[in-house]
Amino acid sequence: MAKLLLRFQRYFRRKPIRFFMLIALYLTAGSLVFLHASFTGQTRVPEHEPSPNSRAGDGTEAKYLGTAQLGREVKNAPETLTTARRYGAWFKSPSKELPGRSKVGDYGGTWSRALKGRNVREKEEDRAKYIGCYVDNTHRRALRGVSFFDYKKMTLFRCQDNCAERGYLYAGLEFGAECYCGHKIQAANVSNSECNMECKGEKSNICGGVNRLSIYRLELAQESARRYGSAIFRGCFRRPENVSLALPASRVMKNMSVDRCVDFCTSKEFPLAALAGESCHCGFPTTLFTLHEREDEQLCAQKCSGEEFESCGTAKYFIMYQTQVQDNRCMDRRFLTSRAKQFIALASFPGAGNTWARHLIELATGYYTGSYYFDGSLYNKGFKGERDHWRSGRTICIKTHESGQKEIEAFDAAILLIRNPYKALMAEFNRKYGGHIGFASHAHWKGKEWPEFVRNYAPWWATHTLDWLKYGKRVLVVHFEDLKHNLFIQLKRMVGLLGIAVLEDRLLCVEGQKDGNFKRSGLRKLEYDPYTPEMRKTINGYIKTVDTALKLRNLTGVPEDYYPR
């Protein structure tokens, strides 16, 4: 034995590096043993109460690798790590001593994790209670409030939070990525096994199935949020000729108020609430009552009997509100059943509202739109035609920003969407540096990026329109500003070019759902004008060039708000 030790000593004296490597491997193996024991819940009873000066849990463990202190400190870490891993970041909370936990003889580990797990489940039940799995279909939704999709990051909490924030009583998840809100469940209950698809952004939870909704009751939805504060004021309108047909549900209310009428129509699952003195009427926008001809609000200024600071309209002039109930007459979408005979472009300069126009076209026609490019974020938000090759023939039209002769002549017809270059350039700059609905930072606006962007993109705004007017076949020009101010008429023109026969009631439905998921908030605006006098001079020249080109083709010139002219 002594000879063997002597040989080892001589060997490592000649090869000292191998000796240090052996020591390092030994220490690493010891650390891994400690970590493994901690994560598998193998805890031991401490022999005495830790001193007040103990460093356990102060985040400095890494500084003391290889010391005896590490063994004690690492054992306290898995409790937090395991909880965060199991329940996600939303459930993290400041470390507090759990009730009923003794200081002396605290076993920690398994017991404390069990308590934390119970507390988390209680919090989850407080926020939302699972009701069950329900049948759903595209023509008659089980939950008829607002909806949104995310085919990449949908989670239970995200859906529940969005519905609760809007005051809905129920949140339902379908197909792993679709979220629906509502005040009432109007569908049959089925076996929970039929809700079998994992959430796209949370593999450990179930988010419905194919035509199946996992529905939760939102226990924390505020009563006040369900009231008319979340409804949209539509204006004052003349009484329709046949009220019972135009607005089929009604009730006389002695103590009339806006919230009472809106709540009544919401419970009846109607998107419109009309106040007419002491009568409350509910319905949909139809050709019998289009809400296109607004009256002076003074004609509806009669005070409510139940709330003196509110106007409740009269028997002749109705005050109209849009409730939280989603109008599902235009929400179904699908691919074309037979291959398209012609390729129609939805062409625009970037930032001119192409994504918004696609949303409107899909609602108006019931068919998906395609794209010359693939944008994963748009696909994840519900534009399912995004993944199809643009020549697949399964989509009603194809988004494109191209402006070359060869690319333009590949299409049989086009809707050319034009927007004020001052607005379009800013919108595209925000998208480029802040995402589809985000904003560029102050540093980007004030740095070299903005002047360089204007210098490169402003000429493109003009050449894009000029090229489509020159090389395009059957080009329908639509100004973004006209579409925004007179959606019904302009959308009807666009659908006409697409060759789809659409009922006017469906177009009226689109008006109530017009914003979609890609509307950038108008609340956040720059506090200064980013355009220099030199930039304005250049852009004004481009505006005049495009205006002249349009008029030479007997088309309406650019709108008046393309300022300055």
Side-chain angles (χ1 to χ4, degrees), residues 144-146 166-168 183 223-330 482-491 504-515 519 522-523:
R144 300 178 190 172
V146 301
R166 290 163 173 79
Y168 288 103
H183 292 287
E223 287 290 336
S224 58
R226 298 184 205 134
R227 307 184 81 81
Y228 83 96
S230 54
I232 301 171
F233 176 70
R234 296 294 298 270
C236 177
F237 298 88
R238 185 184 293 271
R239 171 194 174 101
E241 290 185 8
N242 193 327
V243 178
S244 59
L245 282 178
L247 302 168
S250 63
R251 174 180 289 179
V252 175
M253 298 179 177
K254 295 299 182 184
N255 294 316
M256 173 65 82
S257 65
V258 175
D259 61 325
R260 291 193 67 196
C261 184
V262 168
D263 286 349
F264 170 68
C265 293
T266 297
S267 67
K268 294 293 183 182
E269 298 292 333
F270 285 105
L272 290 182
L275 292 89
E278 292 191 343
S279 296
C280 175
H281 303 277
C282 315
F284 296 92
T286 65
T287 51
L288 296 174
F289 196 38
T290 62
L291 274 67
H292 286 162
E293 299 177 1
R294 293 179 63 157
E295 303 287 349
D296 188 334
E297 290 182 25
Q298 291 301 316
L299 297 173
C300 294
Q302 179 175 303
K303 297 192 184 315
C304 297
S305 56
E307 179 53 69
E308 61 175 325
F309 297 109
E310 297 174 351
S311 295
C312 276
T314 67
K316 191 175 180 181
Y317 294 96
F318 292 1
I319 284 281
M320 301 298 302
Y321 283 88
Q322 185 171 320
T323 73
Q324 291 181 319
V325 175
Q326 184 165 271
D327 190 344
N328 286 309
R329 295 175 299 168
C330 59
D482 293 340
L483 182 61
K484 187 176 179 181
H485 297 143
N486 199 344
L487 186 144
F488 185 86
I489 297 299
Q490 297 301 325
L491 189 55
E504 289 195 356
D505 281 359
R506 186 171 182 115
L507 294 177
L508 291 168
C509 167
V510 177
E511 285 188 310
Q513 330 284 333
K514 61 183 180 181
D515 287 343
K519 178 179 171 61
L523 299 177

S.K.: Which heavy atom in I319 sits nearest to a heavy atom in C312, and how many Å separate them?
M.R.: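 Here I319 and C312 meet closest at CG1-C, 4.3 Å.
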S.K.: Does anything in residues 235-269 form a ring pair (Phe, Tyr, Trp, His ring centres under 6.0 Å)? List the pairs, not counting sequence neighbours.
M.R.: none
S.K.: Please name all residues satisfying side-chain hydrogen bond (donor to acceptor under 3.5 Å, both in side chains) with E297, sequence neighbours left out, ordered by chain then number.
M.R.: none
S.K.: CG of L275 to CZ of F318: how many Å apart, nearest 0.5 Å?
M.R.: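 Atom-to-atom, L275:CG and F318:CZ are 9.5 Å apart.
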S.K.: With sequence neighbours excluded, what pairs up with I489 under the side chain to side chain contact (heavy atoms under 4.5 Å, CB included) test?
M.R.: N486
S.K.: So T314 and L299, do their side chains get closer than 4.5 Å, heavy atoms only?
M.R.: no
S.K.: Looking only at non-hydrogen atoms, find the nearest pair between A274 and L247 and report the distance.
M.R.: CB-CD1, 3.9 Å
S.K.: Does E241 have any side chain to side chain contact (heavy atoms under 4.5 Å, CB included) partners at least two apart in sequence or in another chain, and if so, which?
M.R.: none
S.K.: Taking side-chain hydrogen bond (donor to acceptor under 3.5 Å, both in side chains) as the definition, give me every residue that meets it alongside S244, ordered by chain and number, with sequence neighbours left out.
M.R.: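 Scan of S244 (side-chain hydrogen bond (donor to acceptor under 3.5 Å, both in side chains), adjacent residues dropped) gives N242.
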S.K.: Do you know the tightest heavy-atom contact between V146 and Q326?
M.R.: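 So the minimum-distance heavy-atom pair works out to CA-OE1, 3.4 Å.
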S.K.: Closest approach of C300 and S311, non-hydrogen atoms and distance?
M.R.: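 Closest pair (atom of C300, atom of S311, distance): O-CB, 3.5 Å.
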S.K.: Listed by chain and number, what are the side-chain hydrogen bond (donor to acceptor under 3.5 Å, both in side chains) partners of Q490, not counting sequence neighbours?
M.R.: R493
S.K.: As an exercise, state the distance from CD of Q322 to CG of L291, rounded to the nearest 0.5 Å.
M.R.: 9.0 Å
S.K.: Does some side-chain heavy atom of C330 sit less than 4.5 Å from a side-chain heavy atom of Q513?
M.R.: yes
S.K.: Partners of E295 by salt bridge (charged side-chain N to carboxylate O under 4.0 Å, His left out), sequence neighbours excluded?
M.R.: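 Applying salt bridge (charged side-chain N to carboxylate O under 4.0 Å, His left out) to E295 gives R238.
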S.K.: What side-chain donor-acceptor pairs closer than 3.5 Å can you find for residues 248-257, not counting sequence neighbours?
M.R.:
from, atom 1, to, atom 2, distance (Å)
S257, OG, D259, OD1, 2.4
S257, OG, R260, N, 3.4

S.K.: Please enumerate all residues that pass side-chain hydrogen bond (donor to acceptor under 3.5 Å, both in side chains) together with R239, with sequence neighbours excluded.
M.R.: none
S.K.: Rounded to the nearest 0.5 Å, what separation is found between the OG1 atom of T290 and the CD atom of E511?
M.R.: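 Rounded to the nearest 0.5 Å, the OG1-CD separation comes to 7.5 Å.
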S.K.: Which heavy atom in P271 sits nearest to a heavy atom in D327, and how many Å separate them?
M.R.: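 In this case the closest contact between P271 and D327 is CG-CB, 4.3 Å.
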S.K.: Calculate, to the nearest 0.5 Å, the distance between atoms NZ and CG belonging to K514 and L483 respectively.
M.R.: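 Between atom NZ of K514 and atom CG of L483 there are 9.5 Å.
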S.K.: Which pairs count as salt bridge (charged side-chain N to carboxylate O under 4.0 Å, His left out) when at least one residue sits in residues 264-279, sequence neighbours excluded?
M.R.: none
S.K.: Without swapping roles, check the side chain of D505 against the backbone of T287 for a donor-acceptor pair under 3.5 Å.
M.R.: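 Side chain of D505 to backbone of T287: a pair is present.
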S.K.: What closest approach, in Å, do G313 and Q302 show between heavy atoms, and which atom pair accounts for it?
M.R.: O-CB, 3.4 Å
S.K.: If you apply the rule disulfide (SG to SG under 2.5 Å), what do you find for C265 with C280, and how did you get there?
M.R.: CA-CA 8 Å; C265 293; C280 175; 3.8 Å; no
S.K.: Only counting residues at least two apart or in another chain, list the ones meeting ring-ring contact (aromatic ring centres under 6.0 Å, His included) with H292.
M.R.: F488
S.K.: Can you list everything that forms a ring-ring contact (aromatic ring centres under 6.0 Å, His included) with F284? Sequence neighbours excluded, please.
M.R.: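 Listed in chain order: F270.
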